[in-house]
Structures are given as structure tokens and as C-alpha cells.
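A note on names: the letters A, B, ... follow the listed sequences, proteins ahead of strands, and every chain is numbered from 1. Bear in mind the structure is a predicted one, so any value in this text is a computation, not a measurement.
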Amino acid sequence: MSYDYGEMERKWQKKWSDSKLDHAERDAEKPKFMMIFAYPGVTGFLHVGHLRGYTYTDAIGRYKRMTGYNVLFPVGTHATGNGAITLASKVANNDLDFIDYLVRNGCPREKLDDLKDPMKVVDYFNTVYVNDYWKRFGFLADWRRFTCTLYPDYGKFIQWQFRKLNDLGLLIQKPYYSPTCPVHGPVAVDASETDISKGGNAEVQEYTLLKFKHGNEYLIAATLRPETVYGQVCFWVNPDVEYTRIKKGSETWIVSKPAAEKLQLQKDGITMLEPISGRDMIGWTCEAPMIHREIPVFPATFSDPNVGSGLVTSVPSDAPDDWISLDALKNDPSMAEEYGLSRSLVDSVEPISIITIEGYGDFPAKDIIERMGIKEPGDPRLDEAKKQVYKDGYHIGRMKDTSGPFSGMRVEEAKEKMKQAMLDSGEAEIFYDLTEEVVCRCGRPVNVKRIDDQWFIDYGNEELTERTDKHCYDMDMNPPEFYENVHATLRWFRERACVRQGNWLGTRFPFDDKWIIEAISDSTLYPLYYIISLYANDGRISPDNMTEEFFDHVVLGKGDAKKVSENTKVPESILASIRSDVEYWYPLDMNLGGKEHMTVHFPVFLFNHRAILPDSMQPKGILVNWYITGKKEKIAKSKGGAQPIPGAVEQFGVDGMRLYYAHIASMFVDVEWSEDNVMTYRQRLDRIMGTVEELLSGGDAKEASEIDDWLMSRFNGHLMSVRKAMEKYDLRQMATAVYFEMLNDLKWYGRRGGNNKETVSEALRIWISCMAPITPHVAEEMWSLVGFDGLVSSAQLPEPGPVSGSAEYGETLIRDVMTDVQQIKKVTASDAKKIVLYTSPSWKTAVMRIGLEMADNGTLDIPTLTKKCMADEEMRKNGKAVSEFVKKVVTDLTRSSLDSKRDMMGVDEYSLLASAKDFLSEDMNAEVIVFSADDKDAYDPQNKSRAAVPGRPAIYLE
RNA sequence: GCCGAUGUUGCCAAGCCUGGUCAAAGGCGAUGGACUCAAGAUCCAUUCUCGUAGGAGUUCACCGGUUCGAAUCCGGUCGUCGGCACCA
């Protein structure tokens, strides 16, 4: 049996929309709940992983709606950055893989021409996200409020946000070092390669420039390892390279020509002087920084004028290149001769051991060379050797006692300290360089340039950090680990570059429009904007109206309404309405996002709220969800290999997928996508629909019986656990109760002959209401099938009625008996034709009752209970059996919950089993006879009745 | 390396905070049975090991500790995953 979910989905989505369920309007009568999921970046088609978090959001919103809240659930997209530009350029360049990806995901071919324009790309995906994903999934989002970070009105809001940050002194300017094309300015260096034609994987690396005094000029070496200066024994110059002198302030430096050009980009007051050949410098001595020793200048061909300064200080102990080059020089007398170096000078240079690394000897460089079998300078494996020894040294190394005041420090720490010491004494400077050659798409070389006027948001501000941190304690964050860790993350934040130049989409920086506000910084305060976007979208206000004064008024309540109205040309009534909306909806109650947001988006979201908005508008909750993964790796949008959403929806149905997301795992673990798993959820929905149909077509017992009490008690219990679970947004626990436990209970109800119309109807009302948050379409379908009024989506979740332990206990007993019989059958491998049950003798029940009373008063122990029992004459006759049973009862009562025992005592087991005789007999296909163990005439050939205790009838099979 | 998360019975995944009712929920898969000409779906049962009476034994990454008692608390080790900044 299979249902047409597609038709069902369309039908109910239309009804929701017709009854404006998706509209959220201020309603002072109702408590509000405002929620969002972190809007996605416009970078391609979404995959089944994204819908996980979105589905949680909608389900939570629907639940809140059904428990009395007025819910605002707006959506939008984030298109800032170069994503859309990249996509557009791929289309423009006729990238066949990419075009295939578009078409495979449902993009019509005739649309392709349009998509050469980045803005059209954004529009296209905005439509796809809203129509093909969110609406298709049945979300009750308020579509009228949709916004995108590239909309002009959104831009106005962001500019206002930056004005406020500036007012608060949180915008600061300081130098920043960025890869820059001489013509196009700063460029983005990343693998997507929109700005550059070569070098997408390059990174900016920080070198320490060390100054070696020679006469009244300086040889400049660049190093990544300032901590090794105590091991310097000589200096390398490439004899075949022409270097240059430069004027740096009042000093004269010697560096390679490319280095001189790069330095001009980063440092002030540099002028080029005359060149000098490397060969001429060989045989000089110079004074090494920090250690202030004269060291000789030796020839080395490995030093590359394009890397660093083109000059290298030599630390043979820890640098494989240095070790092997020194070795070569020592072992080849002709080489020394060629450069006029004396034998004794060369021999006098001995490596100094400076760092101890576990697994290495005194000279790590030597060890690694030998281990890798490297024999001579120029071996390409030296690069790998260098990386390895650097890495090990940095992470696990310690400075030996040859390192002066830095002796004993961990390398990691010594590195910073030594660098700082040399910077302070003027013996060193900082220099940035790229790890590989980068070429702009215009063909010109990209180098690191100092930008003096880079803007930052000062997240390092102590006062702000303190206040934000404090607010976090008042928030509801899930998982709890995030609540714990967010404080450390907030403290870790420093200044963050918030604007950039170049080929990017985004909002212009309000104080200098050569800058564009970057992607993280324009997506921090945006939930607030959804309240205002409603008015911008329907034309009641336009971007021109949205001045600083306007936002100050509607968001912060500043200014006189009349004046603001005059200045902004927005009617007073509109201003008042927006202001009331803001006051009603804000703060945001829940912000849901994927785990990648924990260290970036969520903290800046919190910082900006705390900085700009008053106490009453601070966010209340954050919910983090984990991923759906592919085999082995995260399903990435960019890879495009994941199953397209529309196809998945076709295959599994929206509700099947929604149920899958809700139930497959806790929100806080990654889940591997598996079509088989999703399919089983779809089948479960089939089964549920079938069960409802069966229940409706059943007869009517008129009189309610024990099984009806049982079912209602169970359902009330489930209803309570559903509410409890949803308090914590625990959709999984909720789904377990609704789609598994409740279904099983209904099956059992039927199996036990339950068919009272009223009970069934009441149970279905509860059941279907509980399904509405997660599988709303199926719920609506069944709701109307049963004949309930209106839409379940706008109904209220029933309040749970009483739960009766004793009503539930009876069925537990019957199931236990059935399990035990199965168990015995299995062990004895027999197929019993006759099943005899013996309920507990009354004296055991009496002992249990007395024991329970004592446990209630806390006076339960073995001797006292024994004494109390022996006071009874009847019991004394069974003396030995009683004392043994007392022991059992006492351990039993101390271990298990007293409630369950109380429920047990409230039931007459004999009549219960007797009334279930027919059912048991039929179900187990055997004759069933029930005796009380008190019955002297009972049929009991093996004296099994002895074993009977309360809650556990004895069983005899034959 | 630093910070964080995580390791449960064939697989997925609850339980862990708040120790006992835990051989450990639920789902998937598998096996047997019912239904069916048959397949699928559905329903029932079983699914760590042993066991001709409802029991016993050994388990929750590994080692050690606390406790009358540990999957749960503490310490250590190993493995896996994520973040480490201008990237959304």
C-alpha cells in the first residue's frame, strides 16, 4: 500500500497558504516566538544535509505554534562575497562540468545565458531555495519577509549597523598585510580562483628579518625560525645572484632584488641603491643578531632570491639544507679554494646543538638527512626533510641550555619570545611573503602589500567581551557543550578585518565606499532586519527612507516620531507600526545553525547584538545541528555529487525526509546519508496511515474497558514525554514517542480487542496532533480523514490527561508472561499445547505489602520485616519459605522503584490473567489455565506453583 | 601542536550529566513463522555465549582507580572527527 505523497503535499501546502498560516503578525494577546536558521550562502544547489537543520527549525516552529505561541519564522539568503561571481564566470566560460551540474539539478538550459550575470545567479538561486527547498518542504516561514544580503534595503541596514559600531568605538583602523595586484588592488587568494590565474593555494607567511651587521651596512636574512638564532654558525649567500643595496631609513640593507621590491610594498622609506654581486660577499664576516658573534659568509646555491630576502642565516643543527651545504663545503676543498676561503676558517665552523626533540639526537637536521638517505645539496627531498624537522621541533622540541635566557622553554614559546626580543632591540623586523607564486587574472604578479587603512571590528574589546560573555550565561544553548565552550571562543576573538576591496559583492562601507563589508560582518544582526524587511518588500518604505535616523528610531526608539517622520518621509503610522513590531518580536528566541557556526558566526552574532542593542533585545537561544555526511566525507555543495533535493523529495516524500531528519539521530552527531534509511521512514508513514484507516474501519465496543484505560493512560504519558522532549528541542525523543511507541501501543490495543470509538477518536486526536510538527502533510491528511475540524497545523496540542500506573501494569504483566512462555518454549524446544499459570499465594502478597509499607517509611530491613511477618500465625506455618522470601523482597524493594511495586499491588493478578485467558490462548495457540497458588486443588504435577510471586506468576507447560 | 567533540552489542543509534530497575531502548539488517501461486508489503518471534523451565556467564575503545555496586564517576593511554581567522 502506497500513498501519493506528492499530491498530498501540494494539497495541504496550498491550504496553509490560503489560510495565511505562514503570515506572522503582531498579536499582543499571544506570547511570541521568533526563530531563524542561519541563512545559507548562495553558492550553488543545496543538498540533503542542509535540509536537516532547516527541518528542525520548521518542526520547532510548528510545535511552538501548537502550544500557544505566535511564531515568526523568516528566511533569507546570504550572497555577499565572490560565490555568485565565481558561478557566473563558470557559466560565462562555458565550463561544461559546471553547466552539467546546473542542468542535472534542474536548471533549464534556456536559463543559462542569464546566469553569466552574478546578480542573476543570486536571483536564480534565491528562487530555487525558496520554491524548491523551503516551500517544497512545507515550511511555515513568512515568505513576505524574505531578504537577501545584496538587496539595497538590507545594505542600508548593514550601513546603519556599522555606523553604530563606529559610534561605540568598535571600528578601528590599522595596517593589514594583504595579497595585492599592482593594478587590481587586494585580491582573494583561494582555490576558487576568480581573482587569480595562478597560486590559489598560496598562504601568507610571516618571516622574521634578521639583521647582520657588516661594517656600517646590514645583510638581511629572512627566517621562519627565529628561535634557532643560538645555533647560527655561518651565513649563506648565493654567489651566482646579483643582490642589491637599499636605503631603509638611515640604514643600508643588502637583499635580493625581488625582496627589495616586496619590501617596498610593506615598509616605508625604502630606496634602491647599487647592486652587489653575491660572489663579492663570500668571505665577509658579519655580526649575528641576538648572539652577537662574528660569523663568516659562505657560498650556497640553494638560497633562492625569490624566497624571503634571498639571504639565509645558517643553523646546520636544525636546518637540513644548512647541514648538507656546510658538509659539502667542508668535504670539497676545491670549493673553498674557488672562493678564497681558508681551510682553517671552514673547519672552524661547527654546528651548535640547540634544540632537543624526542626521537632525534643532538643534530636533528643530520638525523633526518641520514634517515632519508639524502647525500648532496639540491636533493629535492630536502624540502620534505625541512618540513618534517621543523614540524617536530616546533611541536615537541625544547630549547637546550645553549639558548641563554630562553633555555628550557618549549620551542613554541621560545619562538615568540625570541622574535619579540629581537624586534624590541631593533635586530629584527617582520616581513610577509606568499608561500608560492601568485598571479592575478590580469597576468601581473601578486605580492603582499601593507594596507594602512584596513578597518577592523574590535572584538578584542574587553568591556564588550565581558558583557557578551555574561549574557551567554542567561541563554538557552544546545548542545550543552556549546553553552560551556562559547565563553572560551568569545575570549579568543581579536580584531577582525571587516571590509575588503576588490571584486566582491556586498554592502559599501558607509565611511569610505572603496571598501565592501565582508561576509561575516554583514550577517550578525540580520535577524532583526526581518522585522523591517516586511515593510520594504511591500513598498511601504524604500531604501531612500532608511536613514540612520530611521533605524535609530525604529530599532532603538530614539528621536521624536514626528520629526523622524518629517526627515525620512515615512508616515508616522508606519514608523509606529515598525517600532511596535520590533518591540514585540525581538529578541530572537532561537537561532539555529550548523556546527561550523560555533566558532565564527554565533560569536559575532552575539557580540554585535550585545554591542548595539539594549538588554531587552538580546538573543535568547542558540541551537547547533551537526551534519549529514556522505560516505567518508562531508557532502559539499561544491562537489555537486549529492542527491539533488527535488529528486530526493520525489523518491521519499517530504514527510518521509522530515521524519528521517528528526529521528535518525540526535541533532548533535553526524549522520551518514543512506537512501535505505530514508526509505524505511517513508514506509513507516505508510504503515501509520494504514493503521489509522484500520482503526477507523473497526467496530465499536460501546463500553470502554480496561484496555481503553490502558491506551489512554499510555497516550497521556506519551503526550507528556513529547512536551518534555520539545522543551529541550529533542525532536528525536519526540519522534520516538510519536512514530514508534504510540504506533506500537495502537497495535497492541487492536490485538487485545480494543475497539471503542470514543477511545480511538481521542487517541487519534492526540496522535495526529503530535505528528503535525514533524510530518505536517501526513498529519493533515489523517486529520481530515478522521473528520476533525479545521487544520491540525493551526490546532493546539491536547493537554495530557492522567496517567494510571495500575491501568498500565496489567498489560505489562501479560506481556511479561508471554515473554516468559516464549523463553521457556525456546529453551525446552517444545511446543506446548497446555499452559498453566499460577498467581502468587496470598501470603507472599501480604509480605510484599508489608515490605512496601516499610519501604515507604524508610524502615525496611530484613530482620524487622521477618519479625513482622512471623507475628502472623498463618505465616509462621511457612516459616522457612517466609524468611527466604523476605530476603528476596527486601533486595527487590531497595533496587526497584516503589511506584512500579505499588502499581503491581493495585492489581488482582488472578482475575486479570483469567480475563486475558482467551487472548493468551489464541495468541500462543495453546490451552491456557489460570490458578491461584492458594488453590489446593490446582493441577500442578511439577509443583511449579511454588515459584509464583507477586508480579511474576509461575508457569507450567506441557 | 592548541582548543573542542567523540569511541556502546552485525550496522545506525539511545543510555552517561543525576552510579543499582542495563545483556543495555529503538531502527536497520539477518533468521524462523503467519499471510500469499509467488514476490513485496504487513504481522508475530528470535538475533553476545551457554543452557531441555523463565537461568547462568562474559561485555559498553584500552589500562588503572573510587564504590557494597560502574557503560555511567575519576586518572592515564590509544583511535576518529571538527575548528585554528577574514573563509561562508
Seminar exercise, completed: The nucleotide from C87(B), A85(B), G27(B) with an atom nearest the side chain of Arg494(A) is A85(B)

Problem set entry | Interatomic distance where CZ belongs to Phe456(A) and P belongs to A85(B) [whole Å] | 14 Å

Exercise. Do Trp626(A) and Lys595(A) come close enough that some side-chain heavy atom pair is under 4.5 Å?
Worked result: yes

Exercise. When the C1' atoms of U9(B) and G29(B) are considered, how many whole Å apart are they?
Worked result: 14 Å

Problem set entry | Charged N-O contact under 4.0 Å between Arg684(A) and Asp655(A) | no

For this session: Could you check whether Ala497(A) gets within reach of a base, just the sugar-phosphate, or nothing at all, counting any heavy atom under 4.0 Å?
Result: base

For this session: Between C43(B) and C35(B), how far apart are the C1' atoms? Round to whole Å, please.
Result: 8 Å

Problem set entry | Watson-Crick or G-U wobble partner of A53(B), both distances under 3.5 Å | none

For this session: Identify whether any heavy atom of Ala954(A) sits under 4.0 Å from a base atom; if not, whether one sits that close to sugar-phosphate; answer base, sugar-phosphate or nothing.
Result: base

Exercise. How is Tyr681(A) classified with respect to the nucleic acid when contacts are heavy atoms under 4.0 Å: base, sugar-phosphate, or nothing?
Worked result: nothing

Exercise. Which class fits the ring pair His597(A) and Phe602(A): parallel under 30°, tilted 30 to 60°, perpendicular over 60°?
Worked result: perpendicular

Exercise. Taking the C1' atom of each, how far is U67(B) from C78(B), in whole Å?
Worked result: 27 Å

Exercise. Base, sugar-phosphate, or nothing: which does Val821(A) touch, judged by heavy atoms less than 4.0 Å apart?
Worked result: nothing

Exercise. Can Asp923(A) and Arg751(A) be counted as an ion pair, charged N to O under 4.0 angstrom?
Worked result: yes

For this session: Would you mind pulling out the nucleotide paired to C60(B), Watson-Crick or G-U wobble, both distances under 3.5 Å?
Result: none

Exercise. Counting only N and O atoms by type, is there a donor-acceptor contact under 3.5 Å from the side chain of Arg682(A) to the main-chain atoms of Gln651(A)?
Worked result: yes

Problem set entry | C22(B) and G15(B), which share atom name P, separated by this distance in whole Å | 15 Å

Exercise. Which value, in whole Å, describes the distance between the C1' atoms of nucleotides U21(B) and C12(B)?
Worked result: 27 Å

For this session: Using a cut-off of strictly less than 4.0 Å, decide whether Arg952(A) has a side-chain nitrogen or oxygen near OP1 or OP2 of G55(B).
Result: yes

Seminar exercise, completed: Whole-Å distance, Arg682(A) CZ to G27(B) C1', equals 18 Å

For this session: Pick the C1' atom in G51(B) and in A56(B), then give their distance to the nearest Å.
Result: 8 Å

For this session: Indicate yes or no: does Glu808(A) engage Arg714(A) in a salt bridge with an N to O separation below 4.0 Å.
Result: yes

Exercise. Which base sits across from C73(B) as a Watson-Crick or G-U pair, both distances under 3.5 Å?
Worked result: G65(B)

Problem set entry | Strand partner of G19(B), provided both Watson-Crick or wobble distances fall under 3.5 Å | none

For this session: Could you work out the separation of C16(B) and C60(B) based on their C1' atoms and round it to a whole Å?
Result: 11 Å

Exercise. Roughly how many Å is it from CZ in Phe493(A) to P in C86(B), rounded to a whole number?
Worked result: 12 Å

Problem set entry | Complementary nucleotide of C43(B), counting Watson-Crick and G-U pairs under 3.5 Å | G33(B)

Problem set entry | Watson-Crick or G-U wobble partner of G26(B), both distances under 3.5 Å | C12(B)

For this session: Take atom CG of Asp940(A) and atom C1' of A53(B), then tell me their distance rounded to the nearest Å.
Result: 13 Å

Seminar exercise, completed: Taking for Trp492(A) and for Ser666(A) the nucleotide of RNA chain B with the nearest heavy atom, the one nearer the 5' end belongs to Ser666(A)

Exercise. Passes side-chain contact (heavy atoms from CB on, under 4.5 Å), Phe162(A) versus Leu171(A)? Steps please.
Worked result: CA-CA 8 Å; Phe162(A) 273 75; Leu171(A) 289 184; 3.9 Å; yes

For this session: Look at the side chain of Tyr661(A) and the backbone N and O of Val48(A), then say whether any donor-acceptor pair between them is shorter than 3.5 Å.
Result: yes

Problem set entry | Under-4.0 Å salt bridge between Arg952(A) and Asp820(A) | yes

For this session: Any strand is fair game: report the nucleotide pairing with G4(B) by Watson-Crick or G-U wobble, both distances under 3.5 Å, or none.
Result: C81(B)

Exercise. Does Arg500(A) make a side-chain N or O approach to OP1 or OP2 of C87(B) shorter than 4.0 Å?
Worked result: yes

Below 3.5 Å between N/O atoms, which protein atoms pair up with nucleotides 42-51 of chain B? Just atom names and distances, please.
from	atom 1	to	atom 2	distance (Å)
U42(B)	OP1	Arg687(A)	NH1	3.2
C43(B)	OP1	Arg687(A)	NE	3.0

For this session: Measure from CG on Leu150(A) to P on A88(B) and round the result to the nearest Å.
Result: 12 Å

Exercise. Taking the same atom, P, in G65(B) and in A14(B), what whole-Å distance lies between them?
Worked result: 31 Å

Problem set entry | Arg496(A) CZ - A85(B) P separation (whole Å) | 10 Å

For this session: Give Thr736(A) one of three labels, base, sugar-phosphate or nothing, depending on what nucleic acid heavy atoms sit under 4.0 Å from its own.
Result: nothing

For this session: Select base, sugar-phosphate, or nothing to describe what His78(A) touches, counting heavy atoms under 4.0 Å on all strands.
Result: sugar-phosphate

Problem set entry | Separation of G82(B) C1' from Phe482(A) CZ (nearest whole Å) | 14 Å

For this session: Under 4.0 Å between any heavy atoms, over every strand shown, what does Phe668(A) touch: base, sugar-phosphate, or nothing? Just pick one.
Result: nothing

Problem set entry | Between P of G27(B) and CG of Asn677(A), the distance in whole Å | 13 Å

Seminar exercise, completed: RNA chain B nearest-nucleotide lookup for Glu741(A) and Pro953(A): closer to the 5′ end is Glu741(A)

For this session: Could you grab the distance from atom CG of Asn943(A) to atom OH of Tyr838(A), nearest 0.5 Å is fine?
Result: 9.0 Å

For this session: State which of A88(B), A53(B), C87(B) makes the closest approach to the side chain of Gln942(A).
Result: A53(B)

